[in-house]
Chemist: 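Questions regarding the structure given below will be posed in turn.
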Amino acid sequence: MSQPADLVDLTAEEQRVLGALLEKEVTVPGSYPMSVNAVTTACNQTSSREPQTSYDEADVHRVLRALKERDLVAVTWQDSGRRTLKYVQTIAARQDWAPDERALLTVLLLRGAQAPGALKTRTERLHPFLDRSEVEACLARMATAEPPLVIQQPKRPREQDHRWIHLLGPVEQAGGAPASSARLDPAVDRESVLAAGAEARDAKVRTSYGAVAASYAEALSDELLDDRQPFETWLLDRVAAHAAHPVVGGPVVEVGCGPGHTTAYLASAGAEATGIDLTPEMVDQARRRFPDGHYEVGDLRRLMRPVGAAGWAAVLAWYSLIHLAPSELPEAVASLVRPLAAGGWLVLGMHCGSTVRNNPTWFEHEIDLDFVFNEPAEVVALVQGAGLVDVEWYRRGPITARGETTERLYVVARKA
């Protein structure tokens with residue numbers, strides 16, 4: 001590695017803008033160079049970014065001008081019917097970063113402090129590290145450069161690995177630790193989502209999902225196709241097979257069905273499936289996209305038994321409990337267990353953790369939506385406390401190719 005041409009000291013905004021340009025140049029070269037609008041979208045995307053930001057185009061344009069004055073970005077004009085000003089990053093060439101160094105710095109700029117294992121996973125689309133030891137060797141090389149580019153952080157409680165941060169500018173700290181790791185802090189008050197009351201929270205959920213319904217459906221309605229989520233399709237196939245069982249089988253319901261694609265997948269696998277959602281706009285999307293299905297507006301906390309059957313053979317809460325405070329979960333789970341038939345399954349899907357994440361924007365829409373993360377042990381205890389048996393649970397890591405940033409929890413349990 002050649003030594004940097006000069007010392008770089010970037011503000012938080014400059015770090016995000018340069019990180020976005022470095023990433024998109026490799027991952028979506030067809031959309032590069034980038035307009036101010038495209039850079040703004042890349043900075044504010046809700047996946048692969050920590051912390052979340054909500055820059056406007058004026059913010060980003062100001063940062064790009066400042067970076068251009070320092071020769072860290074350059075401008076170019078593209079003529080596709082009209083001349084459009086676009087931007088490219090020049091920092092990698094000016095600093096003479098090797099491809100592996102560039103990949104690690106890109107992810108560190110975009111996501112803050114991270115351990116070597118996470119860095120290997122998150123750089124897969126940027127550089128093909130063979131294993132974790134290659135990542136560690138590259139980090140060590142950058143740490144001993146003059147001036148150094150990265151530094152190892154002290155271990156925090158319950159962490160198995162040291163995290164690393166870049167030295168291209170101040171990394172936001174919270175309580176002496178990188179802000180990006182604050183999301184794992186167990187001291188976060190997850191009851192805070194009820195600060196204005198349950199009705200106000202429900203209204204935020206309906207309004208937010210109503211605003212993104214069409215965009216959400218367009219982006220995610222095909223996510224269960226082409227083996228993009230192999231674990232999820234394996235689990236859903238099990239549910240469909242259970243629904244077809246000659247003794248304990250019967251109709252199934254997905255509560256919080258969104259645009260209906262999970263319910264439709266179950267139906268395509270042979271299940272008699274119904275979808276219920278709190279947001280009318282989501283139900284409209286489901287009915288439009290899957291006209292042969294059965295979709296209704298409803299509240300999972302008031303789930304009824306199916307018409308013509310003693311109970312549901314399976315109730316799926318597929319990422320539909322993720323806006324409830326922990327204190328609300330026992331009653332919500334009880335409401336899902338109550339209409340289950342004997343031998344019926346409760347299937348839960350949610351995000352792992354002990355925090356609350358607020359999304360101010362989603363699919364380029366302004367929203368105000370809190371996502372509550374839950375620890376596996378808490379959820380398993382909750383399900384067992386509801387009287388269910390044969391409890392099995394699965395924790396999987398994020399699928400980085402899909403832009404996921406959170407670990408996922410799935411729980412399956414049977415009503416005796």
Side-chain angles (χ1 to χ4, degrees), residues 47 115 117-118 120-122 124 158 160 183-184 186 190 220 223-245 248-249 252-258 261-266 268-269 271 273 300 312-324 326 329-330 332-334 336-337 340 343-355 357 371-416:
S47 62
K120 181 190 180 303
T121 299
R122 293 166 176 173
E124 284 180 349
R158 302 195 305 169
Q160 295 183 345
R183 291 181 177 175
L184 303 178
R190 290 179 290 155
L220 299 179
E223 66 177 349
L224 294 172
L225 304 179
D226 303 326
D227 205 31
R228 294 178 215 175
Q229 292 185 292
F231 179 83
E232 285 76 3
T233 53
W234 169 80
L235 183 54
L236 292 172
D237 287 341
R238 284 185 59 197
V239 174
H242 174 74
H245 192 280
V248 296
V252 302
V253 62
E254 182 194 5
V255 296
C257 66
H261 57 296
T262 303
T263 302
Y265 183 92
L266 290 168
S268 69
L300 64 85
W312 298 103
V315 173
L316 283 80
W318 204 253
Y319 295 93
S320 53
L321 301 179
I322 59 176
H323 306 297
L324 301 181
L329 289 179
V333 169
L336 301 179
V337 171
L340 274 173
W345 286 5
L346 176 67
V347 183
L348 306 179
M350 53 185 63
H351 301 279
C352 291
S354 299
T355 190
R357 178 180 296 181
F371 293 80
V372 182
F373 291 34
N374 295 277
E375 292 289 356
E378 297 174 359
V379 179
V380 170
L382 181 66
V383 169
Q384 291 172 332
L388 299 180
V389 298
D390 297 339
V391 180
E392 54 185 282
W393 63 275
Y394 306 88
R395 182 174 188 162
R396 74 156 175 83
I399 301 175
T400 55
R402 300 186 67 245
E404 294 179 358
T405 61
T406 65
E407 293 186 341
R408 309 303 174 95
L409 170 66
Y410 295 95
V411 180
V412 181
R414 179 175 64 85
K415 186 173 184 178

Chemist: Give, for atom OG1 of Thr400 and atom CZ of Arg122, the distance between the pair rounded to the nearest 0.5 Å.
Modeler: 9.0 Å
Chemist: Which heavy-atom pair separates Ala273 from Leu266 by the least distance, and what is that distance?
Modeler: CB-CB, 4.1 Å
Chemist: Once side-chain hydrogen bond (donor to acceptor under 3.5 Å, both in side chains) is applied, what residue pairs with a partner in residues 381-390 remain, sequence neighbours excluded?
Modeler: Asp390-Arg414
Chemist: Does the Glu407 side chain pair with the main chain of Cys352, one donor and one acceptor, at a distance under 3.5 Å?
Modeler: no
Chemist: Do you know which of Val379, Leu321, Ile322, Leu324 makes side-chain contact (heavy atoms from CB on, under 4.5 Å) with Asn374?
Modeler: Val379
Chemist: Would Asp237 and Tyr265 count as a side chain to side chain contact (heavy atoms under 4.5 Å, CB included) if you check the C-alpha gap in whole Å, the side-chain angles of each, and the deciding distance to 0.1 Å?
Modeler: CA-CA 9 Å; Asp237 287 341; Tyr265 183 92; 2.9 Å; yes
Chemist: How far apart are the closest heavy atoms of Gly256 and Ser320, and which atoms are they?
Modeler: CA-CB, 3.8 Å
Chemist: Whether the side chain of Glu404 engages the backbone of Pro398 through a donor-acceptor N/O pair (distance < 3.5 Å, no angle test) should be reported.
Modeler: no
Chemist: Any idea which heavy atoms bring Trp393 and Pro376 closest together, and the distance?
Modeler: CZ3-CB, 3.7 Å
Chemist: Distance from Glu392 atom CD to Trp345 atom CH2, nearest 0.5 Å?
Modeler: 6.5 Å
Chemist: Heavy atoms, side chains only, cut-off 4.5 Å: are Arg357 and Thr405 in contact?
Modeler: yes
Chemist: I'd like to know whether the aromatic ring centres of Trp234 and Tyr394 sit less than 6.0 Å apart in this structure.
Modeler: yes
Chemist: With heavy-atom distances below 4.5 Å as the criterion, would you say the side chains of Leu236 and Leu316 are in contact?
Modeler: yes
Chemist: Indicate yes or no: at least one non-hydrogen side-chain atom of Leu235 is less than 4.5 angstrom from one of Arg238.
Modeler: yes
Chemist: State, to 0.1 Å, how close Pro326 and Pro330 come at their nearest heavy-atom pair, and which atoms those are.
Modeler: O-CD, 3.4 Å
Chemist: Please examine the side chains of His242 and Val248, heavy atoms only from C-beta on, and report whether any two atoms are closer than 4.5 Å.
Modeler: yes
Chemist: So do the side chains of Glu223 and Arg402 get within less than 4.5 Å of each other, counting heavy atoms only?
Modeler: yes
Chemist: Can you name the nearest heavy-atom pair linking Thr233 to Leu224, along with the distance?
Modeler: CG2-O, 3.5 Å
Chemist: Quick one: does any side-chain atom of Arg408 pair with a main-chain N or O of Gly349 as donor and acceptor, under 3.5 Å?
Modeler: no
Chemist: In terms of ring plane angle, is the pair Tyr319 and Tyr410 parallel, tilted or perpendicular, where the classes change at 30° and 60°?
Modeler: perpendicular
Chemist: Minimum heavy-atom separation for Ala269 and Ala240, please, with both atom names.
Modeler: CB-CB, 3.5 Å
Chemist: Are Glu232 and Trp318 packed together at the side-chain level, in the sense that at least one heavy-atom pair is separated by less than 4.5 angstrom?
Modeler: yes
Chemist: If only atom types and distance count, is the side chain of Thr263 paired as donor or acceptor with the main-chain N or O of Glu254 below 3.5 Å?
Modeler: no
